[in-house]
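Just so we're on the same page: letters track the sequence lines, and every chain starts at 1.
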2 protein chains.
Amino acid sequence: MSQTLSAQLRLRDLILSGELQPGERLSEPSVAERLGASRTPVRAALVRLAEEGLVKAIPSGGFAVNSFAEEEIHDAIELRGTLEGHAARLAAERGAPGGTLAEMRRLLVRMDEATTPPISEDGFTDYVALNAHFHELLVEAAGSAVVARQIGRVVALPFASPSGFVLAQAVLPASQRVLVVAQEHHRAVVEAIEHREAARAEALMREHARLARRNLELVLHDQDSLRLVRGGVLIRRRGWA
Amino acid sequence: MSQTLSAQLRLRDLILSGELQPGERLSEPSVAERLGASRTPVRAALVRLAEEGLVKAIPSGGFAVNSFAEEEIHDAIELRGTLEGHAARLAAERGAPGGTLAEMRRLLVRMDEATTPPISEDGFTDYVALNAHFHELLVEAAGSAVVARQIGRVVALPFASPSGFVLAQAVLPASQRVLVVAQEHHRAVVEAIEHREAARAEALMREHARLARRNLELVLHDQDSLRLVRGGVLIRRRGWA
DNA sequence: GTGACTCAGGCTGTATACAGGTTGCATCAC
DNA sequence: GTGATGCAACCTGTATACAGCCTGAGTCAC
């Protein structure tokens, strides 16, 4: 593995785990020493993380760990809904590959299994992976590299991704009902794409993202569950320091 | 100005003007010599251009000038329509700053003036700048940095931008009718945002982007007008080498 | 006590040297 | 003539040296 990629992955981990605090300046020499690489690959890694959004370029040069206002995450999730709606609409209008749809249906079954009460902790973990895969397949079904790239950029922020709040749901009381609704959305969007119901497919994915918005609000008022959100430490909450 | 920024701008120009051919490999030493800089800033510039999409990373390392299939541009324009529709909807739902809307209305008047027959060549040039500004203000009206950033990324490709095909229209016969329709969209979306008609605002911007899609098809079958599209040389046409 | 100024440390931006890997051409065997 | 092989040139990834700039602490004047 290249030093650049290694630095990128390890830095991302340090940031998302909260080991590097939001606002903290990341000087190239200090990061280089910490990661045991030279400045050149560290700089390249910082540029890529800036593109992802985890790190912000300082006007006078250099980078600092980024933080996110609740409103920004709200907007990012809603934007994901619009983009996934766009993808679902394209898939319905243009027709999706049969293999992709078949695999989406297989995932539906496995997600049902993982979330059959009583749900174990492993069940939630499985669901997170299956859910992420389902959303990837939806993008694939649209058959557009341009759209896939754009969605990939929005989803790069972990709390804007389709699975960002699922693990936190595990400790939230209303979690099971939310999962039932989410699964219904999944099922319905596959059906809509199959039947070439473009408007329905689009509306479903928009509404689907709203579940994440609701989870965001719930999680932000529950310290314990917030800890389960990857990158949750980067969120600036309203009325907090 | 930094060497990196200078290299980025000059490389972009070389690519969009066609001086560097699509598919051509851009080795760091050769580019560095051509631009009179060292490899370090050239590499940084290439990374940024790769993010923009003008340049593509080669799996085994290095970069090459990118090219675009007609379908990709089609998709990029439709995606822009969806994103601008999203912005217009947000502006209508949340309310846009009065100053922004006032300036949009002022631009409407100036665009009308620039396109009053007989339209001079300068008229078209003015219209391009005014139109670009109008679309920027629309994004501003949404009041979301997340959305603004995302739209900025789609619009980075010149032929996906709102003004990508306007200059080419100047030599196309149906140009004036298209401009009339485009202006009607502009006027209507301002009205929709003012009246908080979110669904209407969104639908209008989607339809607005379709004008660019139509122009794309017209331009692709007219060599003369294609030359007026910035970056047109990067477009791979169906059934062409 | 407060504000401006100076200076030192550190940082970024840039250039360049070096090692490992890849590519493509030429040559050789069949 | 064709395919495999070896070599040479080149290129990327990385480390590091150097210059200019910024920042922040400490000091001095008022």
Side-chain angles (χ1 to χ4, degrees), chain A residues 1-15 18-67 149 152 156 234 241, chain B residues 1-15 18-67 149 152 156 234 241:
Chain A
M1 190 194 308
S2 76
Q3 295 279 38
T4 300
L5 186 56
S6 158
Q8 187 183 349
L9 296 178
R10 284 193 286 164
L11 259 181
R12 178 157 50 200
D13 224 56
L14 289 172
I15 292 170
E19 216 159 320
L20 294 169
Q21 299 224 339
E24 185 175 345
R25 181 163 187 176
L26 298 175
S27 84
E28 291 168 19
S30 66
V31 173
E33 191 190 14
R34 181 165 196 159
L35 301 183
S38 78
R39 276 181 58 207
T40 307
V42 165
R43 166 175 275 258
L46 284 168
V47 168
R48 296 195 186 173
L49 290 173
E51 190 188 334
E52 273 181 39
L54 289 184
V55 140
K56 214 174 82 178
I58 298 172
S60 63
F63 299 90
V65 179
N66 210 350
S67 65
R149 185 171 167 175
L234 302 179
Chain B
M1 189 194 308
S2 75
Q3 294 279 40
T4 301
L5 185 57
S6 158
Q8 188 183 350
L9 297 177
R10 283 193 288 163
L11 258 180
R12 178 155 54 201
D13 225 55
L14 288 173
I15 292 170
E19 217 159 321
L20 295 169
Q21 298 224 340
E24 185 175 346
R25 181 163 188 178
L26 298 175
S27 86
E28 292 168 19
S30 66
V31 173
E33 190 189 15
R34 181 165 196 158
L35 300 183
S38 78
R39 276 181 56 206
T40 307
V42 165
R43 166 175 273 259
L46 284 168
V47 168
R48 297 196 185 170
L49 290 174
E51 190 189 336
E52 274 181 39
L54 288 183
V55 141
K56 214 174 83 180
I58 298 172
S60 64
F63 299 90
V65 178
N66 210 349
S67 65
R149 184 172 166 174
L234 303 178

side-chain contact (heavy atoms from CB on, under 4.5 Å) evaluation trace for A/T40 with B/R43: CA-CA 11 Å; A/T40 307; B/R43 166 175 273 259; 5.8 Å; no

Stepwise, does the side-chain contact (heavy atoms from CB on, under 4.5 Å) test hold for A/R48 with A/T4? CA-CA 10 Å; A/R48 296 195 186 173; A/T4 300; 4.3 Å; yes

Chi angles and distances behind the side-chain contact (heavy atoms from CB on, under 4.5 Å) call for B/L35, B/L14: CA-CA 11 Å; B/L35 300 183; B/L14 288 173; 4.2 Å; yes

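Considering only side-chain N and O atoms, A/S38 lies under 4.0 angstrom from the phosphate OP1 or OP2 of D/dA15. When the side-chain nitrogen and oxygen atoms of B/T40 are compared with OP1 and OP2 of C/dT16, none of them lie within a distance under 4.0 Å.
Rounded to whole Å, the distance from CE on B/M1 to P on D/dC21 is 16 Å. For the pair B/L5 CG and C/dT12 P, the computed distance is 19 Å after rounding to whole Å. As rounded to whole Å, 15 Å separates atom C1' of C/dG13 from atom CD of B/Q8. As rounded to whole Å, 14 Å separates atom C1' of D/dA15 from atom CZ of A/R43. Per the geometry, CD belonging to A/Q3 stands 20 Å off P belonging to C/dC18, to the nearest Å. Rounded to an integer number of Å, the gap from CZ of B/R39 to C1' of D/dA17 is 16 Å. Look at CD on B/E28: it is 14 Å from C1' on C/dT14, rounded to the nearest Å. Taking atom CG on A/L35 and atom P on D/dA15, their separation rounds to 11 Å, with Å as the unit.
Residue A/L26 is the one, among B/R25 and A/L26, whose nearest nucleotide of DNA chain C lies closer to the 5' end (criterion: closest heavy atom).
The minimum heavy-atom distance linking A/L26 with A/L20 is given by the pair CD2-CD1, 3.9 Å. Across all non-hydrogen atoms, the minimal contact from A/P41 to A/A7 is O-CB, 4.4 Å.
Taking only side-chain atoms of B/P41, from C-beta outward, the nucleotide of D/dT14, C/dA15, D/dC18 with the closest atom is C/dA15.
A/S27 comes within 4.0 angstrom of the backbone, heavy atoms only, and of no base.
Remark: the A/S60 side chain and the C/dT12 base include no donor-acceptor N/O pair separated by less than 3.5 Å.
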